[in-house]
Novice: 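I have a structure I would like to understand better, so I am pasting it below and will then ask my questions one at a time.
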Amino acid sequence: MPDRHVPLRLHPDRLLPPDPGVRDLALRLYESVRSAPILSPHGHVDPLLLVHDEPFTDPATLLITPDHYVTRLLHAAGVPLAQLGVGQGRLTQDQARGVWRRLCEHWAVFRGTPVRYWLESELAEIFGVDERPGADSADRIYDRIAACLTQPDFRPRALFRRFGIEVLATTDDPCDDLAAHRALAADDDWDGRVIPTFRPDRYLEPAGQDWAAAVARLGEAANTDTGDFDGYVQALEVRRRYFVEHGATSADHSHADVRTDPLPHADAARIYAAALKGEATDGECTALRRHMLGEMARMSCEDGLAMTLHPGVRRNHHTPTFDRFGPDTGHDIPIPVEFTDALRPLLERYGTHPGFRLVLFTLDETVFSREIAPLAGFYPSVYAGAPWWFLDAPDAIRRYRRAVTETAGFTRTSGFVDDTRAFCSIPARHDMSRRLDCGVLAELVAEHRLDEDEAFETAADLVAVNPRKAFKL
Amino acid sequence: MPDRHVPLRLHPDRLLPPDPGVRDLALRLYESVRSAPILSPHGHVDPLLLVHDEPFTDPATLLITPDHYVTRLLHAAGVPLAQLGVGQGRLTQDQARGVWRRLCEHWAVFRGTPVRYWLESELAEIFGVDERPGADSADRIYDRIAACLTQPDFRPRALFRRFGIEVLATTDDPCDDLAAHRALAADDDWDGRVIPTFRPDRYLEPAGQDWAAAVARLGEAANTDTGDFDGYVQALEVRRRYFVEHGATSADHSHADVRTDPLPHADAARIYAAALKGEATDGECTALRRHMLGEMARMSCEDGLAMTLHPGVRRNHHTPTFDRFGPDTGHDIPIPVEFTDALRPLLERYGTHPGFRLVLFTLDETVFSREIAPLAGFYPSVYAGAPWWFLDAPDAIRRYRRAVTETAGFTRTSGFVDDTRAFCSIPARHDMSRRLDCGVLAELVAEHRLDEDEAFETAADLVAVNPRKAFKL
Amino acid sequence: MPDRHVPLRLHPDRLLPPDPGVRDLALRLYESVRSAPILSPHGHVDPLLLVHDEPFTDPATLLITPDHYVTRLLHAAGVPLAQLGVGQGRLTQDQARGVWRRLCEHWAVFRGTPVRYWLESELAEIFGVDERPGADSADRIYDRIAACLTQPDFRPRALFRRFGIEVLATTDDPCDDLAAHRALAADDDWDGRVIPTFRPDRYLEPAGQDWAAAVARLGEAANTDTGDFDGYVQALEVRRRYFVEHGATSADHSHADVRTDPLPHADAARIYAAALKGEATDGECTALRRHMLGEMARMSCEDGLAMTLHPGVRRNHHTPTFDRFGPDTGHDIPIPVEFTDALRPLLERYGTHPGFRLVLFTLDETVFSREIAPLAGFYPSVYAGAPWWFLDAPDAIRRYRRAVTETAGFTRTSGFVDDTRAFCSIPARHDMSRRLDCGVLAELVAEHRLDEDEAFETAADLVAVNPRKAFKL
């Protein structure tokens, strides 16, 4: 059987509406924003990557193993996570090549998914790959990427510049000393903007396994006694300020729900004390977490951090996989979510506070038109967050715009958020978003719902103005 | 900087599908219904407007201040409601001009929303405005509209005739003596049909703040002692008949849910008595309200009023705004809603009653395909209500048709309902609906799912037959 | 008035995207799969039809009376079910003709529904009807079909062959002796594959009316004492094996929810004993049913039957209709459904079991992107079932593909399932599905998200590979 060499080509019109009349305008809109700098206000890239600026070790470790978007579909196709390098520590070149082959052999499972789109973009645009992944081409592609990775131009800092990233936000533990961010700030050879994000989930979940130890650590980091509730609240305030001082502009929260019912101070203090002793009920723990989410909004009004919410996921759905491979291994599964009643106590207090920002993300599309857009269409603080995670894909992004825009317009949306731990996918993700938004705008013009000059202005706003406003960049 | 004069033009093809082949048929379908008389079976126009027929005072009071569709997005953009004239009483011309300028300066926040579409249509078609609102054009447009408003042709009755309104339903309190409707009926210079709608929400919510006083008033209006449950029920029946005698064809209901579980008579009577004394629990109050919703269906079977349901909104979400500016100020936010189980007791009793009509509206799109269409596709009484409120917009209307039609066809839908308090937006709203329905029909023909003659017949039915059937006009 | 003879023509491009560029590829894709054999892994055709192979009695009994898709919309239009032959026993030719006329007179109520599409396809392609149903044409069409039905070519077996059915799964009671299936297997004149499906709902619902009698029957069928819980479980295992021996490849389950919380054995045994005596509470009955759904998964891992779930319907919503006409008469109405938490206990135990298959169907579209696709995109056992029932229609099928594919790709979907009791609609339904999937694939190619060769391969997989995998055919 002859070797199959199937070309891989990125079509210049990809993702734009197929109708020739609409596509032409969509393309012109896209050309007007394609090279705009990337603002990445929320994501999971490790800042040490840029501090150390070491060459990436191999294609599999760079593009497959740590990215649960990629591994979950291979797992569903019957490839055990262990065969993808998950939980294997540093891979040998042989192991890495094996992992890479597995991806290429199963390339068909990604058809119709954004993962395929992003990987294709990365292969072609970053590494110059010109053939489609498959069993035959696996080794050739591996070799090509591996060769690239030895070059200075493919080190993290070089790619950061090549990608045109203007600001990159990381996601960080409140106890983190932000040494990496400080190192970057102090580095004369580095002028990129890499800012931390305050992500206190574990400290706000008294029912979590290691919560008591966590708040003890928090106290140490804040140099504050967290032995009682007031100290705990103060420690959080101290650490938030530390983050602000190191460039943070937002605090991110991801719990099962976003209820924000306040507790009387005495009750909160009592539950806190009980929780520290492991004697709080599940209901009390939840009540304290909800109270604290409201407190986070209060602190945001005081210290200026934008508040962003990513709720409604059942984390680590498959316990055997979690036990063996840890978190973020592809089996976090969404659940229904509710914002209207849940956020009411918070919004009644802080919803019209000047400068307060509350960006709402969801994996439950039903709330786009029902709750998020109506909230963002009244409260000056509320922004409809870009489609998140499973919804960060062409058709879902279009559904988001169609569900949100009619109620909240374009100005009340957050702008694109890549939310990725796959560094090389950042430009492909932002590019996808720009193409799709331009397609939506072109369709509005084609239906005479928007004038062409307005479409150009809006396209530019979405990449340059909206994220700055929503995330206070 | 030179003054910008950006033209405002309504394209004849607006909102029609961009594909040239489909658009051609859509346009022909639209031409066949564009001039059909407007049936407005549910809305919130004040009938006194037509009784007094006085000139509208100014552009802001006519188009901005009372319309929460407009003010909520300006509020979200940071304009305080007070700067939009809300809660300010009658505006001076200076104040009105200031409010108008605020709208024009923030014109961009309406991009992609139906509010912009309606306002554009009103400006161009009613007032002959030919430039886009903006900071530069604000005063010119204000002056033009203000000049129009002094002319006889722009008084309410003249506009009513010009709009081609065949019937306009208002929304009225059960205690209302319907003097305005009687005055119109007795006026020899007036031949428009303006009918009341029975809207008893407050009388059915024993947990409401002034409920006891309300039912006392109800008793007076009905000349019936509402001191016990039977008198209360009888008073409602009396007032419904009064409405029927004055032309009403429907009763409208808007509660948080639409459960209709019946209570034994003794329990209902007991809870009623307790509620009058302020001693009923929240649960009992809710149970009584649900029982009464079922009673309303019984009365509808007896007196012939169509029953229409608008559930699932958390009213006055932001209490500080409500306290200062009152209800209907842009922060009613939808919540999830459920019809299948909630309506079962009602439908088991009355669902196949000859002549009964139950029109279901929702702000929660998830029920279109899951619950409303299946119910309307079996029960002869049930109609799928047109997209309501936030969903009364081009993309949402298309989603409604696509979600409902495959299960319930076209005949089980209510026809368009403008539900507006913005008098001048009525023709634009109906025109939008006609364009969109014709677009949907043209697409069905283009996919060979419908023949062309059927599309023309259906387009005509949707504007002329369906609303008459669903609302018994 | 002259008789109207309106032609009925099936356009070769029907259901394909109207854009000429996209349609061309869609048509080529469709041509490549249009003649592929039909795999029908789930449905409700009576196997005796094929055993007896008798002529169908009349057009109404064949196409209207037993098909609640058809009768429910006529009922909603005001035609009593009795006038459609429902619950009337065998119809006379006069009665049948009357039922047929009623359908034709109300042909307009089906506009925009798939029922109209299927019936049109059946009339034209099976019976050569060339005019549109209507009052004028009713008798002519009736006569034409009736004449066909007397011909040998229109007997069930002949149609089965003409339809190109490779495998047809029926749905059967666990106590069924599968005599029909055995008769077909033993018939030398018959080489079609007709396989049973194990459907144990009533035996798993201890709150059901005749449950105790049912499990007694089950015991007899299994020759196992169901007097205690272990015997009950064993009896189910025995009957499943019996089904496996007779060709079954799947077990189907339809309960209000799909929770699978396991009970300790002692609790399950205790509740079982109480339920047999009619002394179990509603909560206990539900708990036992949920435990048993988990048990069904365990048995599937052992005996190899694919497990398929059709949850979330309120059966027989209108009790008066149920009391008079029985089940499956058009008023089963969907309710919200939840998979993520409900299935977690099951998936933690069996989700990665080699060879286990769990196919998830829904009438609640909200779970496609939120729950089903994320589950199918991780668990090797989980497949996203094809759109079911009310969702088995062009626009809903497109929504399904757009909601599921971006998260789970094409390989994690079940392939088409007709789920019908209308034998003659089988080819029309599969043809519809093929057209729509090819349209979706062509659109992906048009947006440069998929290469053309991949689209052809995927189209073929969807009709030939996916159902075999998901249902283990």
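Protein chains get the first letters and strands the later ones, always in sequence-line order, with residue 1 at the start of each. Bear in mind the structure is a predicted one, so any value in this text is a computation, not a measurement.
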Novice: Any salt bridge between C:Glu447 and A:Arg435, counting N to O under 4.0 Å?
Specialist: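 Not counted as a salt bridge, because no side-chain N and carboxylate O are separated by less than 4.0 Å.
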Novice: Flag the pair A:Arg116 / C:Glu454 as yes when at least one side-chain heavy-atom distance between them is below 4.5 Å, and no otherwise.
Specialist: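 Yes, close enough: below the 4.5 Å cut-off.
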Novice: At a heavy-atom separation under 4.5 Å, does A:Leu16 approach chain C through its side chain, its backbone, both, or neither?
Specialist: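 A:Leu16 touches chain C through backbone heavy atoms alone.
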Novice: Which atoms of A:Phe110 come close to chain C, meaning under 4.5 Å heavy atom to heavy atom: side chain ones, backbone ones, both, or neither?
Specialist: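 Nothing of A:Phe110, per the 4.5 Å heavy-atom cut-off to chain C.
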Novice: Is there a donor-acceptor contact under 3.5 Å from the side chain of A:Arg314 to the main chain of C:Asp341?
Specialist: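 Pair absent, no side-chain N/O of A:Arg314 close to backbone of C:Asp341.
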Novice: I want to check something: taking the side chain as every heavy atom from C-beta on, are C:Arg344 and A:His317 in contact at a cut-off of under 4.5 Å?
Specialist: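 Yes, at least one pair of side-chain atoms sits under 4.5 Å.
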Novice: Can you check whether C:Arg370 reaches A:Ile335 side chain to side chain, under 4.5 Å on heavy atoms?
Specialist: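 Side-chain contact under 4.5 Å: no.
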Novice: Which bit of A:Pro17 is near chain C, if near means a heavy-atom gap under 4.5 Å: side chain, backbone, both or neither?
Specialist: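 Interface part for A:Pro17: neither.
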Novice: Indicate whether the side chain of C:Tyr379 and that of A:His75 have a donor and an acceptor atom separated by less than 3.5 Å.
Specialist: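 Their side chains do not contain a donor-acceptor pair, so the 3.5 Å distance test is not met.
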Novice: May I ask you to decide whether C:Asp453 forms a salt bridge with A:Arg132, counting only side-chain N to carboxylate O separations under 4.0 Å?
Specialist: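 A salt bridge links C:Asp453 with A:Arg132.
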Novice: Distance alone, cut at 3.5 Å: any donor-acceptor contact between the side chains of C:Glu406 and A:Thr113?
Specialist: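 No, A:Thr113 and C:Glu406 have no side-chain donor paired with an acceptor closer than 3.5 Å.
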Novice: Using non-hydrogen atoms only, which part of A:Thr362 is less than 4.5 Å away from chain C: side chain, backbone, both, or neither?
Specialist: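 Contact with chain C is absent: no heavy atom of A:Thr362 under 4.5 Å.
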Novice: With a 4.5 angstrom heavy-atom cut-off, which part of C:Thr340 approaches chain A: side chain, backbone, both or neither?
Specialist: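 Both parts, heavy atoms under 4.5 Å.
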Novice: Counting only non-hydrogen atoms closer than 4.5 Å, does A:Leu391 touch chain C with its backbone (N, CA, C, O), its side chain (CB onward), both, or neither?
Specialist: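 Side chain only.
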Novice: Is chain C contacted by the side chain of A:Pro80, its backbone, both, or neither, given a heavy-atom distance below 4.5 Å?
Specialist: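 For A:Pro80, neither part sits under 4.5 Å from chain C.
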Novice: With the side chain counted from C-beta on, respond yes when A:Thr321 and C:Glu348 share a heavy-atom pair under 4.5 Å apart, and no when they do not.
Specialist: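 No, every pair of side-chain atoms sits at 4.5 Å or beyond.
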Novice: Is a salt bridge present between C:Arg398 and A:Asp395, judged by a nitrogen-to-oxygen distance below 4.0 Å?
Specialist: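 Salt bridge flag = no for A:Asp395 with C:Arg398.
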Novice: A:His331 vs C:Phe378 aromatic rings, parallel, tilted or perpendicular, using cut-offs 30° and 60°?
Specialist: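 Answer is tilted, since the angle falls between 30° and 60°.
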Novice: Does C:Arg412 use its side chain to pair, donor to acceptor, with the backbone of A:Ala76 at less than 3.5 Å?
Specialist: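 Yes; at least one donor-acceptor contact below 3.5 Å.
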Novice: Measure the shortest side-chain to side-chain distance between C:Pro380 and A:Val79 over non-hydrogen atoms and say whether it is less than 4.5 angstrom.
Specialist: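 Answer no - side chains too far apart.
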Novice: Side chain, backbone, both or neither: which part of A:Thr366 has a non-hydrogen atom closer than 4.5 Å to chain C?
Specialist: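 Side chain of A:Thr366 only, per the 4.5 Å heavy-atom cut-off to chain C.
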Novice: Less than 4.5 Å apart, side chain to side chain, heavy atoms only: is that true for A:Pro12 and C:His448?
Specialist: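 No, their side chains stay 4.5 Å or more apart.
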